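Numbers here are sequence positions counted from 1. Bear in mind the structure is a predicted one, so any value in this text is a computation, not a measurement.
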Amino acid sequence: MPHQAWSTPETATGSPTEAPPALPMSFVLSGDVNAGQVQRARTVFSRVLAHAHEPVLSVRATLTLVPSHGRASTAEASVQADINGRLLHAHAEAASLHEAIAATADRLTAQMERSARDWESRRGRHPRPSRGDGGAPAPSGHDRRARPEQ
């Protein structure tokens, strides 16, 4: 089957147990990918991207299912997300599309954590001082340089 492009509608859900509001997400499909697998990928990627610290501008996902005659089929899932101008890309291959989507979502989560611009998530919840003071660490009571004025 040749590549297919499919965009999901931007609809909001009312129930907290359903997926978060849909993002502007497009899909490129290759192979025998069905609508249920596309819906699952949209739900999983939307849940991951709902935790982004900045606005998600667009998402492009590729789902590929290649049946191999005589051996296990190969499935691939990849996603590119534009998070406020910062492009993140995650890709995974697995025996089933379900596993490939889950592995891609895990990798996207790790990429989002690494690329977060806030110091709390980068440095284990210990923010650095602002750049206004030259990036020097804040003086503490145990620092020799921080002596009280006499």
message: Testing the basics here: between L108 and A90, what is the closest heavy-atom pair and its distance to 0.1 Å?
response: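 L108 and A90 have their closest heavy atoms at N-CB, 3.7 Å.
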
message: So which atom in A52 and which in V56 form the shortest heavy-atom distance, rounded to 0.1 Å?
response: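 Heavy atoms only, the tightest pair is CB-CG2, 3.9 Å.
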
Taking the side chain from [X] and the backbone from [Y], do they hold a donor-acceptor pair closer than 3.5 Å?
| X | Y | result |
| --- | --- | --- |
| R60 | F27 | no |
| T74 | V66 | no |
| R42 | M25 | no |

message: My understanding is that only one of M112, E113, R107 makes a side chain to side chain contact (heavy atoms under 4.5 Å, CB included) with T109; could you say which?
response: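 Exactly one candidate clears the test, E113.
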
List for me each residue that meets side-chain contact (heavy atoms from CB on, under 4.5 Å) alongside [X], sequence neighbours excluded, and say none if there are none.
| X | value |
| --- | --- |
| D106 | none |
| A103 | A92 |
| A105 | V44, F45, V48 |

message: To the nearest 0.5 Å, what is the distance between CD on Q80 and CG on L88?
response: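 Q80 CD to L88 CG: 9.5 Å, rounded to 0.5 Å.
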
Pairwise distance CG(L87) to OG(S115) - rounded to 0.5 angstrom: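 Rounded to the nearest 0.5 Å, the CG-OG separation comes to 10.5 Å.
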
So, do [X] and [Y] sit near enough that their side-chain heavy atoms are less than 4.5 Å apart?
| X | Y | result |
| --- | --- | --- |
| I101 | L63 | yes |
| L49 | V59 | yes |
| T62 | V79 | no |

Solution key, residues 93-100 side-chain donor-acceptor pairs under 3.5 Å, sequence neighbours excluded:
from: S96; atom 1: OG; to: E99; atom 2: N; distance (Å): 3.2
from: H98; atom 1: ND1; to: R40; atom 2: NE; distance (Å): 2.9
from: H98; atom 1: NE2; to: R40; atom 2: NH2; distance (Å): 3.4

- prompt: Residues in side chain to side chain donor-acceptor pair (under 3.5 Å) with Q111, at least two apart?
  reply: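 With sequence neighbours excluded, Q111 shows a side chain to side chain donor-acceptor pair (under 3.5 Å) to no residue whatsoever.
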
- request: List in chain and number order the residues that pass side chain to side chain donor-acceptor pair (under 3.5 Å) with H89, two or more places apart in sequence or in another chain; answer none if no residue qualifies.
  value: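 Scan of H89 (side chain to side chain donor-acceptor pair (under 3.5 Å), adjacent residues dropped) gives none.
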
